[in-house]
Amino acid sequence: MEYNFRDIENNWRKFWAENKTFKVTEDTSKPKYYVLDMFPYPSGAGLHVGHPLGYIASDIYARYKRLQGFNVLHPMGYDSFGLPAEQYAIQTGLHPKITTSINIDGCLDVNGKIKSQFVNIDGSIKEEALIDKSISCTIKDENYQDNIIKGYRNQLDKIGFSYDWDREVRTSSPEYYKWTQWIFKQLFDCYYDNTSNKAERISKLVEAFEVNGNAEVNAVSDCETTFSAAEWKSFDARKKEEILQEYRLAYLADSWVNWCPALGTVLANDEVVNGVSERGGHPVEQKLMRQWSMRIKAYAERLLTGLETVDWTDSIKDQQRNWIGKSQGCSLFFPLWSGNEGEDNGSTATEALEGAIEVFTTRPDTVYGVSFMVLAPEHPFVDQITTAEYAEGVANYKKEASLKSERDRQADVKNITGQFTGAFAIHPFTGEKVQIWIGDYVLASYGTGAVMAVPCGDQRDYDFAKHFNLEIKNIFADVDISEAAYTEKDAIIANSDFLNGLDAKTAMKKAIEAIEAKGLGKGKTNYRLRDAVFSRQRYWGEPFPVYFENELPKLVNDDQLPIRLPEVYKYLPTEAGEPPLARATKEAWKEQFQGDRMDYNTMPGWAGSSWYFLRYMDPKNEAEFVSKEKADYWKQVDLYIGGSEHATGHLLYARFWTKFLFDQGYISFDEPFAKMINQGMILGNSRFAYRLHIGSVGIENLKLPARFIYVSKSYRNEIVNGIKGEYTEKINQLIQSVNGELDFSKITYFVNQVHVNINYVDGETLNIDLAKTDPYHSEFNESIFLNEKDESYLCGSEVEKMSKSKLNVQTPDELVEKFGADTLRMYEMFLGPLEQSKPWDTKGINGVHNFLRKLWRLFNIDEYGQAHVSAEPASKDSLKTLHRTIKKMTDDLDRFSFNTGVSNFMICVNELTDQKCNNKHILHELLIMLSPYAPHICEELWVKLGNEAGTINFASFPKFDESHLVEANIAYPVSFNGKMRLKIELPTAFTPKEVEEAVLSNADAQKYLEGKTPKKVIVVPGKIVNIVL
RNA sequence: GCUCGGAUGGUGGAAUUGGUAGACACGCCGGACUUAAAAUCCUGUGCCUGUAUGGGCGUGCGGGUUCAAGUCCCGCUCCGAGUACCA
């Protein structure tokens, strides 16, 4: 009987679902293992072959761990709040709740217009969706020509993942976001205590204020004023809350935010890429707005040191380190010089630090190299220190700088600009006057917004000094700075009074000591990491569990959670520019409405994904976000697989929340993901057609034979290379046929490449099959195609990121249909190392499919479906093959080398086929090993061997027995001067000396010796013999 | 610019601690079966050279260490990812 993968896979999929084979509970008799995938955002485009890559790898590993006797938690869910569903809602009026559900659960597409009926995985109708029929909308999804939108769940199920679906979470379900809101409440109610070095309750802070004011409080805060206990008590509620907001871990503050007008919302720093929004590429500007923020800066140091305890790639760790951006140095005050130009006011450095300019430097050792100062144009001191003479210049410069967007400023790095203020500061050590400039290379938002310029040691200061002809002092011994600054830290300090003769490290220490002794500043650590803006002016996100009374934020009580997303008629901001939730009437909030108004913001996408791995442990708990008991059983995620693009977003925020929940004692670990692997991107193979464009000079009313003309590749090549050959001639003829005689010297041709759906193009010949193209694709309908000589239309191709817009998406569904899920699983693994990005190409898939058929044939299955295997003891050769495979499989799985795992199986089955092995014991063990990779076929064959259905998933992974690999003889490779020449069969038991003697006396080896005596003979027992002549 | 990866046949890739470079698969060449094609099976396949046993060359480039280098060290080239005036 042939291998009928369709029936086999359907049956087993059903079996697993009906028997809940992969349902898991907290079983203390077994060691636990937690394998997690980054959950997907369910977009309307569906899964493409890139998505399952990581899921397949993690599933193989989860199944492997089960066979090793672990109790494996392997869940899946959906990150289902987010922008695309909302934008779609804005366009169509369809509630994001409905589109989200459609994208996950699937539905029928009625008349290509409204998808109004949800369907179950088997295609039966589940329920009528609540769609307002008066809303006119059209949903078109080019990926599905038939009427069924499959949905993520159905697509995932087809691949045979061993998820415990009873634990599914959706971040947009009220049962889930209830706890996202609850965690927010805890953050609101905590501050970060630097002494205990953890988050503490606000009540503790208030107690401290009531006893001592804030002088004794050592906490992370934006509060710059000090107050006594008496003052605190005298403050009114508003004032008190304002101060507390400066301590809370979740707080409201006016902050400069990345405002994206096109999306009508603020974006986090990691959602802005090159000055435009990550989603949609819209421009982003800076705007001051009252926003919720998360005081992630409080955790900067722990986020940094925690990296040392996790097993992640260096690249991801580096990205996080750079993002946190720790730099150590000190602050230093430069007093202002208050005399008139040309005279010395005689004040000394330590006098009057009032109004002094504070700088932050990482190189206090170079303080004697300071020859001027530069302030950011936005620095608050600029206006007060600027002299009348320079007022106009400074005003102009400030205006220019403010008009430049962040992006322009970045693009303009090479242009050196600046302006002297006319003011001077006093060098705190030498007492010399130094000029104060403003320049936009100094950023207001980093450090203190002011720098002490040391041109000899900093390239930017150097360039600035050269450009404006400012003094450059060399404070390094034996270093040439005539061309560039010397930025290494290995020079000896000179011309620097008490620092002379010291190396940089010692000098830094001494300089900071001196600065602190004189009261001019102190040692300080700065972080680049900024607090994270936590509110979005969107509809489709978690509402805040917050209401306002007299514009004071108040938390709603726990028993009122979740605050449900109210219904609105329109998903756009209000005319007054308020978020969409401002459209919700009091009635829409139902009984949840409190105070003067509810908070109109919603939480950002990363809120729900910052803790979802905890919810999987206890997904149905209505009393807690996760019970302590279950969290203590499952603990950290042991293996996390996902893309590296979340390095500075999700992965940082999830670590932050985990540390916070740890501080508050809810969980007993403070890093969420013990080990992480980042799967590479799967690239698509795009196809292009070449659209001809015609330009002409002085020819009026040039007629075209069709709306568009598409030329084949040969035509394109002539046009692009500027050749006027036979193809150009053909185009000329075509144009002439509709225009009559023309002066072709006045006509120019050029081509534009246009993405063509890869399904229209033959993968091998790259010929377009026009019969396959969408008949409603008006562009092709109204076009003329100029073909090759053989009448085919030859496309261009290019490897680029797989995406719907590039029309190069391959869905797993078509491959599962054609080859089966087991083939797809093994093929995706066979493509190459998991971490590497690779182009998608189905050329090799036959090889993997053939492997499974070859495996099937080993079982001699007759027409009645009976396997015919031998129960006799296995042959020595077969045992050797089996145990070599066990060894390699264990090694490869332990180092996550899934691609070599597949080839191990191929070698094994090839050898067993050559041996004509149909031994039951061997096949039994092989099936267990293979079942993580190809679960369906292994289940089927497992039963055919007489085992109970489903038990293969919890069988024992075969144990390696080295004795089967021991051979009496070994073929020693013999090399001469490192060049391998021949192999000599020798007993394994030979000592190196015996090997040497045997080799030297061997007749074949003597041929290469040419009668000479070898200078040296190296014998590596069991490995190689090398003879040096 | 800085940081982190990477470069191996016609293609995807293998070689885990320095020890037979090219496993496995695709593709291709030849053969079997077939009226024929598809499918399947068998053989060969790094390059150059030779009828052949064989010989020479070979892991981006140039050096080095070593009995032995794809692997280690030094200096480059190119490609990818991240980041970017962070004082």
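Numbers restart at 1 for each chain; the letters A, B, ... are given by sequence-line order, proteins then strands. In this text, all values refer to a predicted model and were calculated from it rather than measured experimentally. Heavy atoms only: backbone and side chains are in, while hydrogens, waters and symmetry mates are out.
- Taking side-chain N and O atoms only, A:Lys1016 has a distance below 4.0 Å to OP1 or OP2 of B:C67.
- In this structure, A:Leu831 places its CG atom 8 Å from P of B:G13, rounding to the nearest Å.
- Between B:G10 and B:U65, the two C1' atoms lie 36 Å apart (nearest whole Å).
- Atom name P, nucleotides B:C78 and B:C61: the rounded distance is 15 Å, in whole Å.
- In this structure, CZ in A:Phe830 is found 10.0 Å from CZ in A:Phe851, a value given to the nearest 0.5 Å.
- Residue A:Asn910 is in sugar-phosphate contact alone, with no base atom involved, counting any heavy-atom pair closer than 4.0 Å across all strands shown.
- Contacts classified as side-chain hydrogen bond (donor to acceptor under 3.5 Å, both in side chains) and involving residues 447-459 of chain A (residues at least two apart or in different chains) are given here: A:Asp458-A:Arg460, A:Gln459-A:Asp463.
- Distances were taken from every side-chain heavy atom of A:Thr900 (C-beta onward) to each of B:A87, B:A14, B:C67; the shortest belongs to B:A14.
- Residues A:Leu499 and A:Ala507 approach most closely at CD2-O, 3.6 Å, considering heavy atoms.
- As judged by a 4.0 angstrom heavy-atom cut-off over every strand, A:Asp314 is placed among residues making no nucleic acid contact.
- What separates CD1 of A:Ile682 from P of B:G80 is a distance of 19 Å, to the nearest Å.
- Note: CG (A:Asp914) to P (B:C41) measures 12 Å, nearest angstrom.
- For the ring pair (Phe, Tyr, Trp, His ring centres under 6.0 Å) test, residues two or more places apart in sequence or in another chain that qualify with A:Phe819 are A:His849.
- Atom pair A:Met980:CE and B:A15:P shows a separation of 20 Å (rounding to whole Å applied).
- Residue A:Arg528 places its side chain closer to B:A84 than to any other of B:A84, B:G19, B:A23.
- Note on A:Ser315: only backbone sugar-phosphate atoms sit closer than 4.0 angstrom, heavy atoms only; bases stay farther off.
- Using a 4.0 Å heavy-atom cutoff across all strands shown, A:Lys983 reaches at least one base atom of the nucleic acid.
- Within the structure, every pair that satisfies the salt bridge (Lys or Arg N to Asp or Glu O under 4.0 Å) test and touches residues 893-906 of chain A, not counting sequence neighbours, is listed here: A:Asp892-A:Arg895.
- One P atom belongs to B:C26, the other to B:G44, and the distance between them is 15 Å to the nearest Å.
- At a threshold of 4.0 angstrom between heavy atoms, the contacts of A:Gln836 are confined to the sugar-phosphate backbone, with no base atom among them.
- Under the side-chain hydrogen bond (donor to acceptor under 3.5 Å, both in side chains) criterion, A:Tyr446 pairs with A:Ser327, not counting sequence neighbours.
- The side chain of A:Arg857 lies closest to B:C41, out of B:A68, B:A84, B:C41.
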Would you list the atom pairs, donor with acceptor, under 3.5 Å between side chains in residues 831-838 of chain A and any protein atom, with sequence neighbours excluded?
from: A:Lys838; atom 1: NZ; to: A:Pro833; atom 2: O; distance (Å): 2.6
from: A:Lys838; atom 1: NZ; to: A:Gln836; atom 2: O; distance (Å): 3.1

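- Scored by the side-chain hydrogen bond (donor to acceptor under 3.5 Å, both in side chains) test, A:Lys326 finds A:Glu301 as partners (sequence neighbours excluded).
- Taking atom P in both B:C74 and B:C79, one finds a spacing of 23 Å when rounded to whole Å.
- Spacing between atom CD of A:Gln459 and atom P of B:C2 amounts to 12 Å, rounded to whole angstrom units.
- A:Ser327 has a side-chain polar atom (N or O) that falls below the 4.0 Å cut-off from OP1 or OP2 of B:A87.
- Within 4.0 Å (heavy atoms only), A:Met906 reaches sugar-phosphate atoms of the nucleic acid but no base atom.
- You'll find that the side chain of A:Asp318 is closest to B:U3, out of B:U3, B:G13, B:A87.
- Contact record, A:Phe990 with A:Ala998: CE2-CB, 4.0 Å, taken as the closest heavy-atom pair.
- Atom name P, nucleotides B:A15 and B:C72: the rounded distance is 14 Å, in whole Å.
- The 12-atom threshold is not exceeded at NZ of A:Lys522, counting heavy atoms of other residues, nucleotides or ligands nearer than 6.0 Å.
- Checked against ring pair (Phe, Tyr, Trp, His ring centres under 6.0 Å), A:Tyr827 has the following partners two or more places apart in sequence or in another chain: A:Trp840.
- Counting any heavy atom pair closer than 4.0 Å across all strands shown, A:Pro839 reaches no nucleic acid atom.
- Atom OH of A:Tyr827 is separated from atom C1' of B:C24 by 13 Å (rounded to the nearest Å).
- Atom name P, nucleotides B:U20 and B:G13: the rounded distance is 23 Å, in whole Å.
- Going from the C1' atom of B:U59 to that of B:A7 covers 9 Å, rounded to whole Å.
- Across all strands shown, A:Ile1018 has heavy atoms under 4.0 Å from base atoms, whether or not it also approaches the sugar-phosphate.
- Under the side-chain hydrogen bond (donor to acceptor under 3.5 Å, both in side chains) criterion, A:Asn1026 pairs with A:Ser975, not counting sequence neighbours.
- If you take CD1 on A:Ile56 and OH on A:Tyr933, they are separated by 11.5 Å, rounding to the nearest 0.5 Å.
- Looking at heavy-atom distances under 4.0 Å, A:Val1028 makes contact with sugar-phosphate atoms alone, never a base.
- Listed here is the closest heavy atom pair of A:Val310 and A:Lys317: O-NZ, 2.9 Å.
- Across the interface with RNA chain B, nearest-nucleotide mapping of A:Tyr1008 and A:Gly832 shows A:Gly832 to be the residue nearer the 5′ end.
- Residues from residues 847-855 of chain A that place a heavy atom under 4.0 Å from any atom of RNA chain B, listed by number: A:Gly847, A:Asn850, A:Arg853.
- Contact check of residues 888-899 of chain A against RNA chain B (heavy atom, cut-off under 4.0 Å) returns A:Asp892, A:Arg895, A:Asn899.
- Between A:Arg981 and the phosphate of B:G54, there is no side-chain N or O to OP1/OP2 separation shorter than 4.0 Å.
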Exercise. Can you give the dot-bracket line for RNA chain B, where a pair is Watson-Crick or G-U wobble with both atom distances under 3.5 Å, crossing pairs use [ ], and | marks a partner on another strand?
Worked result: (((((((..(((......[....)))((.(((.......))).))((((....))))..(((((..]....))))))))))))....
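- Mapping A:Ser903 and A:Met452 onto RNA chain B via the closest heavy atom, the residue that lands nearer the 5' end is A:Ser903.
- For B:G9, the base adopts the syn conformation, since its glycosidic angle falls within 90 degrees of zero.
- Residues passing the side-chain hydrogen bond (donor to acceptor under 3.5 Å, both in side chains) test with A:Asp891 are A:Lys887, sequence neighbours excluded.
- Look at the P atom in both B:G50 and B:A39: the space between them is 36 Å, to the nearest Å.
- For A:Tyr446, the side-chain atoms get nearest to B:C86 when compared with the rest of B:C86, B:G19, B:C26.
- The nearest whole Å value for the distance from the CD atom in A:Glu835 to the C1' atom in B:C4 is 14 Å.
- Rounding to whole angstrom units, CZ of residue A:Arg884 and C1' of B:A23 are separated by 12 Å.
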